[in-house]
There are 2 protein chains.
Amino acid sequence: MRKLTIKEVAQEAGVSTATISRVLNNNGYVNEDVKKRVLQVIDELNYKPNAIARSLKQEKSRSIGIVLPDMTNPYFMRMARSIQSRCVAEGYHLLFVDTEESARKEEEAIHFLTEKRIESLILAGTGENLELIRSVSRSVHVVLVDRRLPALKLDTVAEDNAQASKTAIEALIANGHARIGVVKGPESISTACERLEGVLQGLAEAGRTLEPELAFGGDYSRESGIGAARHFMEMAEPPTAVFSLNNEMTFGLYLGLQQLGIPLDRLEVVSFGDLEFSSLFRHRLSVITQDPQLVGEEVADLVVKKLGMNGGAVQNRIILPGWSPYRKDTN
Amino acid sequence: MRKLTIKEVAQEAGVSTATISRVLNNNGYVNEDVKKRVLQVIDELNYKPNAIARSLKQEKSRSIGIVLPDMTNPYFMRMARSIQSRCVAEGYHLLFVDTEESARKEEEAIHFLTEKRIESLILAGTGENLELIRSVSRSVHVVLVDRRLPALKLDTVAEDNAQASKTAIEALIANGHARIGVVKGPESISTACERLEGVLQGLAEAGRTLEPELAFGGDYSRESGIGAARHFMEMAEPPTAVFSLNNEMTFGLYLGLQQLGIPLDRLEVVSFGDLEFSSLFRHRLSVITQDPQLVGEEVADLVVKKLGMNGGAVQNRIILPGWSPYRKDTN
DNA sequence: TTGTAAGCGTTATCAT
DNA sequence: ATGATAACGCTTACAA
């Protein structure tokens, strides 16, 4: 079924296309009666303006790209939902791409979005594609979210990872743990680095260091959490506490313990990032809580503002994570 | 920074825009040397073709709309990821909208997507907007997913909800439960109806009926699961088993028990739809497992095929859910 | 093998 | 207050 165009509506209503356009966009002068008739014809014919043609003419896509590493992760999707709701209210729409932590997919995504002429790019990146991102940032407004790219001087909304991690380590030390395992993340991702930095600081201030065997190199995936469980629990002297640098790995850690037949409360655990189930079950699990909705609101705010003002100084917004220790009286 | 157009590239390369276009699209004849030079110029200038203009000219948006009720729900997002991956491979991209179960947002979304000239609409609907959807389906290929719209004769990929529910009830009956509570979903959503239907069948075949007080009217939200816990546990004679018709409500059910200070294994529970944590903790919880990835693949398959063939008979694909009973030896 | 030019469906400028 | 018409950036007959 061929789509109607403005021309046919004009013909049917007995006016010019210009008038239809004016009615559609509510601008310019147009007689009330004419307007009424035009609206009626539009309704009768069930005409829908072609947003593609409009975008081309106006040289405005009214679209915003958002590139995320994992769209099955509720953290990112809560963030995305809060961004989407604000952007839609402002007349923009989001083009989502899930990179599944792949630098190649990220690169493809950015090219694709550039061709779609996005007016703004929201990126929680893999840490790669630095040159590409720099180059893109010259023609479209880029906001980094969650993960920084310190090499790049771009608007950023992120959490204070180091501080929160330091607090977590201090708590574990205060609870008397001599051997604390750490499940690290990929070195290319800023949050992983900052979280590790916080760990090292916390240990240093207690006059300690991070023994290499107590630092497991994970990659933010569930599988690497399972690997960490195996690594730690097969040691001659396993740690008594573990700090997992993201929630997926925490989940994996517990899965790993279960596979090994080890009670889940054998370890005291701190997780950077909440798990859906943690409100239900707390096996000596404390959580650094994040606020994806707030992060999303800040991002949307930044985007909408910059889109309106057309530029401005680089902004850096920092969200403070929360701390939710397990309660010893429940499980 | 003004964006480059094909004209400037043509000028720089000393050829016509047509030639550039031919190089870009790899069609028509073009001299190897010329091609090489053009590609070099494109690279040097960092030219990116304008996808909006291309879409307008070709009268093809190469975009597919997908309307989901909850983009923070891993079930839908796993499905979405699997659809996206296939569609991107075929040169299409997805326009996501999250309706948050709101019929009004669904309506807005469909209008918006129509204006964007999507070539296909994938919809897990609220059950409302029937006329709108019928009307849209006359100009764009619609695939319903997860939730049917029996009034509409559209391609559908859904699960066999009734059968799976019946099996679940039979299992509970076999386990000796005399009083089985059911947490229902909204009547406007087909899955909720079909699941309830299965329950009634299962009971009927055992010569039983569903007592009104044992049927709690939920709305697929976590909150309504909490409400169900309260409702059931405050009864003079609470049920000994509960069948929750979706996963969010199951989660809420447990949260409710916890709030009431009732041990989570007081009830035997069956959940339609898995919970992230169920691989870790099983408090007498059996699960009807779904396969969002498979559902997504079927959807993508249908979409890609119909897009290629331009029509064809209405298809109905049914996915069989799995059954994962709790193991009595573990928790 | 390459170039010319029409046109995709709008909006916006300029007349009237 | 309304209408002609020239773009927007690309693709594609058709011509050369």
Side-chain angles (χ1 to χ4, degrees), chain A residues 1-39 41-42 45-63 91 112 114-119 139, chain B residues 1-39 41-42 45-63 91 111-112 114-119 139-140:
Chain A
M1 172 184 154
R2 257 290 278 52
K3 268 286 174 192
L4 248 43
T5 75
I6 206 174
K7 256 186 190 158
E8 301 157 86
V9 178
Q11 194 139 41
E12 183 72 19
V15 294
S16 76
T17 61
T19 300
I20 307 290
S21 175
R22 285 193 272 261
V23 171
L24 245 29
N25 299 286
N26 247 335
N27 61 14
Y29 299 91
V30 41
N31 183 292
E32 269 308 315
D33 291 341
V34 174
K35 185 176 192 168
K36 215 165 282 174
R37 195 172 72 254
V38 167
L39 284 174
V41 171
I42 286 177
L45 300 185
N46 195 22
Y47 163 76
K48 298 279 176 230
N50 182 327
I52 298 175
R54 172 182 293 169
S55 280
L56 179 61
K57 174 62 194 175
Q58 299 190 326
E59 303 182 63
K60 275 193 157 74
S61 65
R62 301 205 71 85
S63 69
F112 165 74
T114 318
E115 301 195 349
K116 281 285 172 183
R117 296 295 188 266
I118 50 169
E119 299 179 27
S139 58
Chain B
M1 174 183 151
R2 258 289 277 53
K3 268 285 173 192
L4 249 42
T5 75
I6 206 175
K7 256 187 190 158
E8 302 158 86
V9 178
Q11 194 140 39
E12 184 71 20
V15 294
S16 76
T17 61
T19 300
I20 306 291
S21 176
R22 288 189 193 105
V23 171
L24 245 27
N25 300 287
N26 248 336
N27 62 14
Y29 299 91
V30 43
N31 182 292
E32 270 308 317
D33 291 341
V34 174
K35 185 176 193 169
K36 215 165 283 174
R37 197 171 70 253
V38 167
L39 284 173
V41 170
I42 286 177
L45 300 185
N46 193 24
Y47 165 75
K48 298 280 175 231
N50 182 328
I52 298 175
R54 172 181 295 165
S55 279
L56 180 61
K57 171 65 195 177
Q58 297 190 329
E59 304 182 61
K60 276 194 157 77
S61 65
R62 302 205 70 84
S63 69
H111 281 125
F112 166 74
T114 317
E115 301 195 350
K116 281 286 172 183
R117 295 296 188 265
I118 50 169
E119 299 180 27
S139 59
V140 343

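Every chain is numbered from 1 and lettered A, B, ... according to where its sequence line falls, protein lines coming before strand lines.
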Taking [atom1] from [X] and [atom2] from [N], how many angstroms apart are they, rounded to a whole number?
X     : N      : atom1 : atom2 : answer
A:Q58 : C:dT11 : CD    : P     : 6 Å
B:D33 : C:dT2  : CG    : C1'   : 14 Å
B:Y29 : D:dC14 : OH    : P     : 16 Å
B:N26 : D:dT12 : CG    : C1'   : 16 Å
A:E59 : C:dA12 : CD    : P     : 11 Å
A:N50 : C:dT11 : CG    : P     : 10 Å
A:K60 : D:dG9  : NZ    : P     : 14 Å
B:I20 : C:dA5  : CD1   : C1'   : 17 Å

>> Tell me whether the side-chain N or O atoms of A:R117 pair up with the base of D:dG9 as donor and acceptor below 3.5 Å, since no angle test is needed here.
In response: no

>> Distance criterion of 3.5 Å, no angle test: do you see the side chain of A:K57 paired donor-to-acceptor with the base of C:dT10?
In response: no

Among the nucleotides [options], which one has an atom lying closest to any side-chain atom of [X]?
X     : options               : value
A:V15 : D:dT12, C:dT2, D:dG3  : D:dG3
A:S16 : D:dA4, D:dT11, C:dT10 : D:dA4
B:V34 : D:dG9, D:dT2, C:dT2   : C:dT2

> Want to settle it: does B:L56 or B:K35 sit nearer the 5' end of DNA chain C, counting the closest nucleotide to each?
Replying inline: B:K35

>> If you assign A:S21 and B:R22 each to the DNA chain C nucleotide with the nearest heavy atom, which residue ends up on the more 5' nucleotide?
In response: B:R22

Side-chain N or O of [X] versus OP1/OP2 of [N]: is the shortest distance under 4.0 Å?
X     : N      : answer
B:Y47 : D:dC10 : yes
B:T17 : D:dG9  : no
B:T5  : D:dG9  : no
B:N25 : D:dT11 : yes

Taking the side chain as every heavy atom from C-beta outward, state whether [X] and [Y] have any atom pair closer than 4.5 Å.
X     : Y      : value
B:K35 : B:N26  : yes
A:Y47 : A:I6   : yes
A:L56 : A:R117 : no
B:S61 : B:K116 : no
B:I52 : B:S55  : no

>> Base, sugar-phosphate or nothing for A:T19? Non-hydrogen atoms, less than 4.0 Å.
In response: sugar-phosphate

